[in-house]
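Here the structure comes first, spelled out in structure tokens, and everything after it is commentary.
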Amino acid sequence: QRRQTVEFALQFVGGTYVFGGVDPNNGVDCSGFTRYILQNTASISLPHSSKGQSNYGTEVSEEEMQPGDLIFYAGSNGKVNHVAIYIGNGRIVHAASRRSGIKTSTWNYRTPVAIRSMLD
């Protein structure tokens with residue numbers, strides 16, 4: 001299931017970022033992306049907000065994280081404002097910004113504030 005989740009998510013790399021978007025075929029934001037991927041690969045229903053999603057699943061450490069886990073990032077105020085999917089080998093896939101769209105990055109390009117497994 002983890003491999004399937006990652007492979008499905010990676011199909012959308014190059015897609016468009018749209019604030020509030022819910023479908024990566026038409027444009028999606030970070031939490032819309034993670035919500036869509038987990039709904040369509042694991043039938044997991046998550047809220048459409050990175051903050052809301054950070055309350056689901058089981059907290060895991062950097063050492064324990066596996067492909068398919070969600071990694072959360074916060075703004076300067078300490079509040080969660082971004083979420084990405086860990087794909088393995090130190091990489092994430094995420095709906096990054098309007099400029100860059102859906103892309104892969106190193107998992108610690110920003111300091112994560114939480115890592116949560118939804119797939120246990």
Side-chain angles (χ1 to χ4, degrees):
Q1 193 176 43
R2 288 178 178 279
R3 196 180 78 236
Q4 180 192 3
T5 298
V6 167
E7 286 172 3
F8 184 63
L10 288 173
Q11 295 178 147
F12 298 104
V13 168
T16 308
Y17 178 98
V18 173
F19 182 78
V22 295
D23 182 339
N25 297 295
N26 305 317
V28 72
D29 62 17
C30 67
S31 59
F33 181 64
T34 53
R35 181 176 187 244
Y36 182 92
I37 298 303
L38 288 171
Q39 179 65 58
N40 286 279
T41 57
S43 299
I44 294 170
S45 294
L46 293 171
H48 189 176
S49 94
S50 53
K51 174 101 182 76
Q53 290 180 10
S54 70
N55 296 314
Y56 283 71
T58 309
E59 183 128 19
V60 294
S61 68
E62 292 172 21
E63 296 75 31
E64 298 168 314
M65 70 183 177
Q66 298 178 66
D69 289 347
L70 298 186
I71 302 182
F72 296 90
Y73 305 87
S76 55
N77 61 4
K79 291 189 164 91
V80 170
N81 67 359
H82 191 64
V83 59
I85 300 170
Y86 185 63
I87 58 174
N89 299 320
R91 307 283 301 170
I92 55 169
V93 61
H94 57 142
S97 67
R98 263 190 201 90
R99 197 180 72 240
S100 54
I102 300 170
K103 67 174 192 171
T104 63
S105 303
T106 55
W107 75 278
N108 56 359
Y109 82 106
R110 287 166 65 187
T111 303
V113 293
I115 304 165
R116 302 195 68 89
S117 174
M118 309 291 163
L119 298 173
D120 287 336

- request: For residues V18 and N26, determine if any side-chain heavy atom of one lies less than 4.5 Å from a side-chain heavy atom of the other.
  value: no
- request: Drop me the distance from S97's OG to K103's NZ, to the nearest 0.5 angstrom.
  value: 6.5 Å
message: Using only atom types and a distance under 3.5 Å, with no angle test, would you say the side chain of Q53 pairs donor to acceptor with the backbone of P47?
response: yes
- prompt: Are V83 and I92 in one and the same hydrophobic cluster, where Ile, Leu, Val, Met, Phe, Trp and Tyr link if side-chain heavy atoms are under 4.5 Å apart?
  reply: no
query: Should we count CG of N89 as having more than 12 external heavy atoms under 6.0 Å?
result: no
statement: Residue pairs meeting ring-ring contact (aromatic ring centres under 6.0 Å, His included), one or both in residues 101-120, sequence neighbours left out, come to Y73-Y109, H94-Y109
- prompt: Can you find a pair of side-chain heavy atoms, one from F19 and one from R98, that are under 4.5 Å apart?
  reply: yes
Closest non-hydrogen atom pair, M118 against I44: O-CD1, 3.2 Å
query: How far does CG of L70 sit from OG of S54, to the nearest 0.5 angstrom?
result: 10.0 Å
Closest heavy-atom pair and its distance - S45, Q39: OG-OE1, 3.0 Å
Same apolar cluster: Y17 and V13, side chain cutoff 4.5 Å: no
- prompt: Do I87 and F33 sit in the same hydrophobic cluster, where Ile, Leu, Val, Met, Phe, Trp and Tyr count as joined when their side-chain heavy atoms come under 4.5 Å apart?
  reply: yes
- prompt: If you take all heavy atoms of H48 and S31, which pair is closest and at what distance?
  reply: CD2-OG, 3.0 Å
task: To the nearest 0.5 angstrom, please state how far the CD1 atom of I115 sits from the CD atom of Q66.
output: 11.5 Å
- request: Could you tell me the separation between the CD1 atom of I85 and the CZ atom of R2, rounded to the nearest 0.5 Å?
  value: 11.5 Å
task: Calculate, to the nearest 0.5 Å, the distance between atoms SG and CZ belonging to C30 and R35 respectively.
output: 12.5 Å
field: Pairwise distance OG1(T5) to CG(L119) - rounded to 0.5 angstrom
entry: 5.0 Å
query: Do R91 and L10 have side-chain heavy atoms sitting under 4.5 Å apart?
result: no
- prompt: Do N108 and I71 pass the side chain to side chain contact (heavy atoms under 4.5 Å, CB included) test, and can you show the C-alpha distance, the side-chain angles, and the key distance before you say yes or no?
  reply: CA-CA 9 Å; N108 56 359; I71 302 182; over 6 Å; no
Verdict with supporting geometry, V113 and V80, side chain to side chain contact (heavy atoms under 4.5 Å, CB included): CA-CA 8 Å; V113 293; V80 170; 3.9 Å; yes
message: Ignoring hydrogens, what is the shortest heavy-atom contact between R116 and G57? Give both atom names and the distance.
response: NH2-O, 2.9 Å
query: If you take all heavy atoms of I102 and P24, which pair is closest and at what distance?
result: CD1-CB, 4.0 Å
- prompt: Tell me, which pairs form a side-chain hydrogen bond (donor to acceptor under 3.5 Å, both in side chains) where one or both residues lie in residues 7-16, sequence neighbours left out?
  reply: R3-E7
query: Do the side chains of V93 and Y86 join up, straight or via other hydrophobic residues, at under 4.5 Å, putting them in one cluster?
result: no
- line: Closest non-hydrogen atoms of S50 and H82, given as atom of the first, atom of the second and distance, are OG-N, 3.4 Å
- request: Apply ring-ring contact (aromatic ring centres under 6.0 Å, His included) to F12 and list each qualifying residue two or more places apart in sequence or on a separate chain.
  value: F8, Y36
